[in-house]
Amino acid sequence: MKCHSVAALWSPLPPSHHVTAAATTPVALFTGAADGTVLHWPLALASASPSPRPSSLLCAHAAAITSLCPLPSPASLLVACTAGVLSLFSTYAPLRCLRRRSLPLWVGSPSLIASLPSITSADPRVAILCHAPDDGHRHVSALVVVDARTLAVLYTVFHGILSVGTPNAIAVMPVAEGAAVEVDPPRRLIVSSVASVASAELADERVEAVALSHDGKNVALVLKTRCLLKCVTEGVVLGEVSLLGTSLCKDKNTVDKVCTAGAFFLSSDEWDAHVSDDGVVVRNLVLWSNNGAVTMYRIALGSSYFDSEIVCEIPSNLSMQGEGLEVKFCWSNQHLVRVECCSYKVAGSLLWKPTVAIWCMDQFELSKTVNTQKPPMRKMLGEGGLQGEEFRPEPSHSQYNINRGSEVISQMCSLERYRGTVSSSMLLSEDSYAPYAVVYGFHNGDIEVIRFLNLSPAAAKFGGRGLYPHISERLFLGHKGAILCLAAHYMHAHPDSRNFHRALISGSLDCTVRVWDLDAGTLLSVMHHHVGSVKQIVLPPPWTYHPWDDCFLSVGEDGLVALVSLQTMRVERMFPGHPDYASLVAWDGVKGYIACLCKNLHSCNDAGSGLYIWDLKTGARERVINGTASQLAFEHFCRGISKNTVTGSILGGTTSASSLLVPIFEDMSHIRSHADKNGHDISSVSTNLHNGCTDSVTVNAPTTYDFKGKTPAPDEAHEFHGDNSVYNSGKAVSSHSIHNKKIKCPIKCSCPYPGIASLRFDLTAIMSTQGMTNSNSDRHLKDHLHSENPKEMLQPGTLDSPSRVHEMDSPSRESLEGCLLRFSLCFLHLWDVDCELDKLLVDEMQVCKPEGCHIATGVVGDKGSFTLMFPGKEATLELWKSSAEFCAMRSLSIISLAQLMIKLSRSCTNSSSALAAFYTRHFAEKVPDIKPPSLQLLVSFWQHPSEHVRMAARSLFHCAAPRSIPQPLRVNKNKVVNAPLSSSDNMNVLICAVQTASVSNHGELKEDDENVDKDDIDTANMILWLESFENQEWLSWIGGTSQDAVASNIIVAAALVVWYPSVVKAKLSSLVVSQLIKLVMSMNDRYSSTAAELLAEGMENTWKACLGAEITHFMSDILFQIECLSTAPSSNAINKTAVAITMREALVGTLLPSLAMADVTGFFGVIESQIWATSSDSPVHVASIKTIIRVVRGAPKSLVPYLDKAINYILHTMDPSNLIMRKACIISSMMALREMARVFPMVALNESMTKLAVGDAIGEIYDGTIRVYDIESVTKIRILDASGPPGLPSLLAGSSNRTTTILISVLSFSPDGEV
């Protein structure tokens, strides 16, 4: 199961947000931007003066957002971008990406989305209009219907060339014969339906906007100075509204400057919209202009009647200043939401700042008698925008020495010193495990490296020897344009002498590439081989041979791809001739080829896109593939050289690449066909700005598998997050012995957008880092394997010698595991909620709040997508209050880390215990309205490989269970209490009772029937909950399946029955016990062991009464299961070994003893039958003996009446005539005999363990015997008479209150061997 936690680092200034699409739900506004970002704006419409502020950033796209479509059931948001990627987000907290998928290549670029009416909410569908210009006169369009849950194309409505212009509107007509509305902006409106096609020719004027009524009967066609209202079915003009003299068009002189930008009809139940008895339909139409002005009309339409009046107006926005203004309007709950986007030019780049204003359009304030010559102006309720400093032009630089980077001597990470907005960013990591610094490239050309100095008190002083002390804050100055791409490369150890070890590479809008010494801060080289903006830096993939391993590719907007050597500081190869910018680049480091894909998202002809394959060694172009096949060929090229796309790490090296630019591969089965080839991974390396649809691919390390032989889950295969280590390009698998072991990165870093970095903490990987060492040895080994003299043997100590390479200052004074734990707690802990706990963490655990950084939280979505909250404690607390899944995942991660910290350092015991206690109990006390953790999610981690995670999951379950019991299982606390009657009322009550006896009897019968019906309903609801598997939100958090959903429901119900029987319904135990037994027998590696433990723990008090005689049959099934576990097929041995061992331990060590204690007679009957029913070497015999041992230790009182049976069975397994059974069971049998002799005084062994004496424990006093056995031959050698007088002490009490006499109370052997 996956357990990922996300932290976000925000730059000091808010990002640019050029709004291209907007949509509203009843409680929120969503805006999509040209860079692929989607902002979520909560709308507090009930507030007196709402000030909208964005609360979260939805990260799933790297190209311009074209359409946002809210879906009502289930509540979700469908997002489409020009790159052909669709994403589905939940519109309730925490707004996770539920599904991310690419449309087929032939469809084109999606532009418009319309929700289709569906019969059931379980089958939501949408219509998506896609188009791509084929040439200068024709347009290829496609209208496809897509399943809104899976984002799969169901069928195609239309695909072909339209004779009109590119469609810019689509609406679904809710009539049987209607299909869709498409608008040609230049001159005509076309309404397509099955019955007819109507068109309006407008030769003189241009159509500015179109609006379709909700019932699909009327359409508004907005022109420059007028608006035409038409009937859709008949195609006739019903009326015309003049726009002159309104806020949309003051006079004819302003027509060319101000034009109507959009329109929409209000729904039929808003603002007195109705249909009169004479057939006149009253509608409300909203029109707005490109300067933000709004005019609302009330229009009456009939077959021979037309009337219109202006209801109200909203003035234009004159306060927005800038070089451009774009406006969009949305309607939400009687409120009009205006989204304004103003542009500013900063250092040659165009930045956009959005502003949201809310206008109250309450019908109560309307007046039908208002003078139409002077319509009322509406009042704005509130206005808000992005938090942070205002966007303003940046001052020019003073003179700096560009040959040496300037050290920043001011306070660490001071936000005020930033000079502008970020255009590119990346994170630097120490050996791929924990990032230690963030690199920002600004629009004015500056580059700044900022260390996370305040992660430890030892580093509080600038330059102190704390965590990662080798990098100080440093500026790299020299570029004259915006920084578009960044990369960091570690130089490999070769005989050539060099004076730098780590290089920082930057590409800029000024067409130059600069190479810097990252350690010294000096400029090494300036390269001018591009005549266009440098938009990508592609680092060499692992296993790249010398001399190409110290090279990089620069990709420019001029269509040139160049190979640059960091050893010679020269351009070694040029790959020119690309018709356009090479947006996708793949580098095969082993074979020496690169593939460059020039991808035009707005064209689908053969000249639109092309794939160019180059020989890296010779510089020759090997092949060119044009057309739509180029994309498929490129993917085939990547798949042919790649085996590691399933590992989740496909970004090569430390770059400013956005992981969202990586192509989404749906089918990963092809990867396995290359399992035995030497290949590399693909990764996207691209800039974060000015490249709305660009990405490139490099190659990474070979495919690895986990210790169970499994490949990762399909959803993990598409979580594209970079391995942002400075050393990554030089790392390799150091030995073939670990070639097949999956290596997970504990903390994966990525920068989805400029100035926004995400840290994904993998709990499983962090918990498995114990004993992990520095990866320099792997780097040395790879350099040796690729050296010019491969026969040279590695000398002892070579890998650990610091003389071979320049060793970075790393946290060598403490273990890597401890460093990871402290770093993780720094970013995952919720600071400033419990000040005493924060102080304890600082003083004892040496964990500090990261100062100088805007820290926020987030969640992981599907296939590499994220949802990142904006900085601030309020936004984080809102996530805790709204998502039970987030509470479970974050609490589980922090408590597990705290418990592991106790193991690593005893000095951190108090702080770790306080931290665990805070997230289990105290947090809910301090913030009472936080959501309790999801119980189903917690039980899925009860069998986690790490003991600390298992303990944390169980602790959280017990703390959260009383607050989060599912409603169908919760007992009804409302009980009717009969009040006692006073003595004066007794006679009246008696008389009334006699008179109404028959009526009362009838009422009681009726009430009994109602109770029976209610019990049946409760039973049906409980069964329905136990078997439910659809719409389980928590499954997507951990990568579970529908089987996990059902299994988790059964485990939760069983745990509540065993541990909290008073708060669940009484019938639940009888309903869940059969499901629990089936789960045990299913051999589920995640839940069967837990089910066995729950059955064992509740057997005596709960399950015994439910099972009854079925216990005997259950024990037989368990013994058969044990035998199956020991004879697993060899083909699945690697996969099933760990599962079989865990299940065998749970069955033999936990469940079977509890069943034996519940039914001792049945247990001995089952195991005696197994003697003859199974083979002599069957593991069933050993399991039976171990069960007897546990029964002897746990419930010796219940075994006393069956002491002879137990002894006889044990001796039977030691029979010398069956050497196979004796050899298999001798050790366990002797252990059982010693245990019985220790517990029961009437059983004795001599000192040499050769004789066994067993006395009658219970029976008649005049018929007692003692039997003496020879253990070697397993024969009865003597029977002694033990009869004696009555009066011996009583040990057991019978059920009939009759004492049972103990015959033999103590036995022992004398030194001479006599009893």
Side-chain angles (χ1 to χ4, degrees), residues 400-408 412-413 422 424-442 445-453 463 467-479 483-494 497-508 512-527 534 537-540 549-552 554 564-567 569 651-657 685 722-731 749 751 757 775-776 779 805-811:
Y400 292 93
N401 182 7
I402 64 175
N403 292 323
R404 291 189 59 85
S406 298
E407 292 277 356
V408 178
M412 54 186 173
C413 294
V422 176
S424 186
S425 59
M426 69 176 178
L427 287 169
L428 300 179
S429 301
E430 183 76 34
D431 283 352
S432 303
Y433 299 133
Y436 63 87
V438 60
V439 183
Y440 288 132
F442 297 95
D446 291 357
I447 302 173
E448 186 166 9
V449 179
I450 304 173
R451 257 185 59 208
F452 301 142
L453 289 176
L467 292 177
Y468 311 108
H470 56 275
I471 291 288
S472 57
E473 301 169 24
R474 183 169 285 127
L475 287 175
F476 298 86
L477 310 177
H479 280 291
I483 305 299
L484 303 184
C485 52
L486 294 165
H489 176 74
Y490 186 91
M491 300 296 293
H492 298 285
H494 291 299
S497 59
R498 292 180 302 272
N499 55 2
F500 71 99
H501 302 277
R502 288 179 297 169
L504 175 65
I505 310 165
S506 58
S508 173
T512 64
V513 175
R514 292 176 181 256
V515 182
W516 315 80
D517 187 339
L518 189 58
D519 296 312
T522 57
L523 179 65
L524 299 176
S525 177
V526 181
M527 302 178 184
V534 182
I537 299 295
V538 182
L539 293 178
D549 53 354
D550 279 333
C551 298
F552 67 90
S554 63
V564 182
S565 172
L566 290 173
Q567 295 184 15
M569 292 298 172
L651 289 182
T654 303
T655 66
S656 58
V685 179
D723 183 15
N724 285 284
S725 169
V726 208
Y727 306 116
N728 186 65
S729 59
K731 296 176 67 174
C749 311
C751 291
S775 63
N776 288 336
R779 187 182 315 116
V805 294
H806 175 75
E807 293 290 343
M808 296 174 56
D809 294 333
S810 60

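- Note that the OH atom of Y490 and the CG atom of D549 stand 12.5 Å from one another [nearest 0.5 Å].
- Of all non-hydrogen atoms in M569 and S525, the two that sit nearest each other are SD-CB, 3.9 Å.
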Item checked: Audit row: L428, L518, side-chain contact (heavy atoms from CB on, under 4.5 Å) steps and yes/no -> CA-CA 11 Å; L428 300 179; L518 189 58; 4.0 Å; yes
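- A distance of 12.5 Å separates CD1 in I483 from CD in E448, rounded to the nearest 0.5 Å.
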Check: After noting the C-alpha distance and the side-chain angles of L486 and I447, does the key distance pass the side-chain contact (heavy atoms from CB on, under 4.5 Å) rule?
Finding: CA-CA 9 Å; L486 294 165; I447 302 173; 4.0 Å; yes
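- To the nearest 0.5 Å, the span separating CD1 on I505 from CZ on R514 amounts to 14.0 Å.
- Rounding to the nearest 0.5 angstrom, the gap separating the CG atom in L566 from the CG atom in L524 is 9.0 Å.
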Item checked: D550/H489 under side-chain contact (heavy atoms from CB on, under 4.5 Å): CA gap, chis, key distance, verdict -> CA-CA 8 Å; D550 279 333; H489 176 74; 3.0 Å; yes
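- Between atom NE2 of residue H479 and atom CG of residue D446 there is a gap of 10.0 Å, rounded to the nearest 0.5 Å.
- Of all non-hydrogen atoms in C485 and S424, the two that sit nearest each other are CA-OG, 3.8 Å.
- Scanning both residues, W516 and G478, for their nearest heavy atoms gives CH2-N, 4.4 Å.
- With rounding to the nearest 0.5 angstrom, the CG atom of L523 is 10.0 Å from the CZ atom of F476.
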Next item on the list: Walk me through it: do L484 and V534 pass the test side-chain contact (heavy atoms from CB on, under 4.5 Å)?
Entry: CA-CA 7 Å; L484 303 184; V534 182; over 6 Å; no
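- Residues V422 and F442 are in side-chain contact: their nearest non-hydrogen atoms beyond the backbone lie under 4.5 Å apart.
- The side-chain heavy atoms of F552 and V513, taken from C-beta on, include a pair separated by under 4.5 Å.
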